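Structure, as structure tokens:
The model shown is predicted, which means the values in this text are computed figures rather than measured ones. Here, residue 1 is the first one in the sequence, and each next residue gets the next number.
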Amino acid sequence: MPEFDLSSIGELLSGSGLGAISKRARVDKTDIAKVLSEGIPSMISGMRNNASTDAGADSLSHALTDHSKDKTDNIAEFLNGADLKDGKKILGHIFGDDQTATINGIAKSSGVSKGKVTNILSMVAPLLLSVLGNQQQSGQQAGGFSLAGMLGGLLGGGGGQGSASPLGGLGAGLLGSLLGGGGEETEEKPKDDGVLGGLLNLFH
């Protein structure tokens, strides 16, 4: 199994996954990539904070186990059928009292309305829990597994509470994977007008 990191998650959503979100949320793929490049690290950061207590870790572990059973073979199909109400509940558990501030921050930096940011993250949240749930199972089978350690590893050991910039830091690697390559590769293409150019080239 390849190394599991934010780029691995981004690769699942690139292509048909982004297309499914775009069609359902009625948001351009370029803007969805911006939302996800900040939203996914923010969700993982929120889960890591929840897993910092025994009760929170136990609750999250059960949620991941439940979602590990979700059928995600076809990512586009899964996203098309994602339960937005369930997704919004997941966001509430992940972000807690910080949900409004987190959504507002992502909306401001991405230029996407708060309502659409919520819908996009609500579609992706169940998929993220499914992916992490399967990773948790693999880790438990290998032994010496730590839920907080897994989440911290995804974030590279850094990051505050959902404070990653969509075009830098934790979000840069994820955005690179959504673009179909690494963040460094995107930066090496100044003639493509930077991030937007890379996105437009990918989603031609």
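Under a 3.5 Å cut-off, the side chain of Arg24 and the backbone N or O of Asn80 do form a donor-acceptor pair. With Asn50 contributing its side chain and His93 its backbone, the two residues share a donor-acceptor pair below 3.5 Å. Side-chain N or O atoms of Ser61 include none that pairs as donor or acceptor with a backbone N or O of Ala57 at under 3.5 Å.
Across all their heavy atoms, Gly19 and Lys29 have their closest contact at CA-CE, 3.6 Å. The two residues Gln99 and Gly92 come nearest to each other via the heavy atoms OE1-CA, 3.2 Å. When every heavy atom of Ser16 is checked against every heavy atom of Ala76, the shortest pair comes out as O-CB, 3.8 Å. The heavy-atom pair separating Ser68 from Thr65 by the smallest distance is OG-O, 2.6 Å. The minimum heavy-atom distance linking Gly17 with Ile75 is given by the pair CA-CG2, 4.2 Å. The two residues Gln136 and Met150 have their closest heavy-atom pair at N-SD, 4.1 Å.
Here the straight-line distance linking atom CD of Gln137 with atom CZ of Phe145 works out to 10.0 Å at 0.5 Å rounding. Separating the CG atom in Asp83 from the NZ atom in Lys88 is a distance of 10.0 Å, to the nearest 0.5 Å. Remark: Leu18 CG to Asp28 CG distance equals 11.5 Å, nearest 0.5 Å. For the atom pair CG of Asp98 and CG of Asn104, the computed distance is 11.5 Å after rounding to the nearest 0.5 Å.
Few gaps surround CD on Gln140; more than 12 heavy atoms of other groups in view lie less than 6.0 Å from it.
For the pair Asp86 and His67, the minimum side-chain heavy-atom distance is below 4.5 Å. Side-chain contact between Ser122 and Leu91 is present, with at least one heavy-atom pair separated by less than 4.5 Å. Using a 4.5 Å cut-off on side-chain heavy atoms (C-beta onward), Leu151 and Leu60 make contact. Looking only at side-chain heavy atoms (C-beta outward), Val27 and Asn119 stay at 4.5 Å or farther from each other. Taking the side chain as every heavy atom from C-beta outward, Leu129 and Asp70 never approach each other to under 4.5 Å. Side-chain contact between Asp31 and Ile120: absent, with no pair of heavy atoms (C-beta onward) separated by less than 4.5 Å.
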>> Would Thr72 and Val131 count as a side chain to side chain contact (heavy atoms under 4.5 Å, CB included) here? Give the steps.
In response: CA-CA 9 Å; Thr72 58; Val131 172; 5.9 Å; no
>> Set out, in order, the CA-CA distance, both residues' side-chain angles and the distance that settles side chain to side chain contact (heavy atoms under 4.5 Å, CB included) for Leu36 and Ile21, then state yes or no.
In response: CA-CA 11 Å; Leu36 294 181; Ile21 299 172; 4.2 Å; yes
> When you look at Leu121 and Ile103, which way does the side chain to side chain contact (heavy atoms under 4.5 Å, CB included) test go after all the steps?
Replying inline: CA-CA 9 Å; Leu121 296 185; Ile103 296 297; 3.9 Å; yes
> How far apart are the C-alpha atoms of Met47 and Leu128, what are their side-chain angles, what is the distance that settles it, and do they pass the side chain to side chain contact (heavy atoms under 4.5 Å, CB included) test?
Replying inline: CA-CA 11 Å; Met47 284 187 273; Leu128 181 60; 3.7 Å; yes
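Side chain to side chain, Glu38 and Ser109 meet the donor-acceptor criterion of an N or O pair below 3.5 Å.
The only member of Ile94, Leu154, Asn49 that meets side chain to side chain contact (heavy atoms under 4.5 Å, CB included) when paired with Ile44 is Leu154.
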